[in-house]
Amino acid sequence: MVAVHTAEPGAPGELAERFEAVVAAEQRVEPRDWMPDAYRATLIRQIAQHAHSEIIGMQPEGNWLTRAPSLRRKAILLAKAQDEAGHGLYLYAAAETLGVDRAELTEKLISGRQKYSSIFNYPTLTFADVGVIGWLVDGAAICNQVPLCRCSYGPYARAMVRICKEESFHQRQGFELLMTLMRGTEAQQRMVQDAVDRWWWPSLMMFGPPDDDSPNTAQSMAWRIKRHTNDELRQRFVDMTLPQAQHLGVTLPDPELSWNEARGSWDFGEPDWSELQRVIKGQGPCNTQRIDRRRAAHEQGTWVREAAAAYASKRATAGKQATASKEKESDV
Ligand SMILES: [Fe+2]
Ligand SMILES: [Fe+2]
């Protein structure tokens, strides 16, 4: 049994009570409000992991930017990768409101001390993977993220509203790409089926371990950071995706999938949780490649960060001088 508490032992009573009342009334906790240390630490870990996932998530699809089959597909893919960069920036900004520095979070990512979603450690072997990532990976992200628009922490909840709108657009573009391929040649249809076969189980694992192996869920739900358990969200994703798979004409690689009339939901097989553990521990097919690439990009971007900081301090000095001379004028 997980101990659920919303107040710190020894926390200033009135402040802790106010925090609990705000959470219970479905209002938002804002950056300047008092909050329990553990609530802050949980949010920093979750938002950072989410931001890292957006940034690392640009890599598998970015792999196809130079090989997109048409200018139209290239423009769509480029726009999507840019959206993901934007999501990362909103989320790093949301994390900074909790008192951490973005540079510190990046350092933790590239030194392997903070994680990102396990899904981005799988390779993209064909252009159909781009469609399947949009359909399944962005689809799973939407299931996970729509409830976060009601998260008790204001800056995170507000960032999620815009992110979810864009994710839903990504999902539709992925589906449209797959529909186009499925109307194509037999080879194109086989390419889609192969990509679905490879991405289905990793997509189910995006919701995290099963509930009885997810010790932080109860506390996150008590704080109204999280609204549904991993298994509830996974079920919602399966129920949402099945009719879409039928419409596409692809088979999902799970012989246990069957409609359960009594539950009004689809029954499905158990993912290989040992695979999830391996990928989380860094032994997925692309873990090393993803982090090496991120580290190299960070190092190559040093001069840009230095130039931006120099420009900002120059502007700040110029601003101070302008204010000082205005004050002098008004003294005269
Ligand atoms: Fe995103
Ligand atoms: Fe996306």
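The basis for the numbers below is simple: all heavy atoms, side chains too, and nothing from hydrogens, waters or symmetry mates. We count ligands from 1, going down the list as the structure has it; atoms in each ligand are counted the same way.
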Could you give me the CA-CA distance, side-chain angles and deciding distance for Asp83 and Lys80, then say whether salt bridge (Lys or Arg N to Asp or Glu O under 4.0 Å) is met? CA-CA 5 Å; Asp83 283 353; Lys80 190 196 174 200; over 6 Å; no

Enumerate the protein N/O/S atoms at a distance below 2.8 Å from the Fe ion (ligand 1), ignoring waters. Glu54 OE1, Glu84 OE1, His87 ND1, Glu167 OE2

CZ of Arg172 to CG of Asp138, rounded to nearest 0.5 Å, is 11.5 Å

Using a 3.5 Å distance criterion without hydrogens, assess whether the side chain of Arg158 forms a donor-acceptor pair with backbone atoms of Val161. no

Return a table of donor-acceptor pairs under 3.5 angstrom between the side chains of residues 140-151 and protein atoms on other chains or two or more places apart.
{"residue": "Gln145", "atom": "NE2", "partner": "His50", "partner atom": "NE2", "Å": "3.0"}

Angle class for the Trp64/Phe127 ring planes (parallel below 30°, perpendicular above 60°, tilted otherwise)? perpendicular

Using 4.0 Å as the upper bound for N to carboxylate O, is an ion pair formed by Asp129 and Arg198? yes

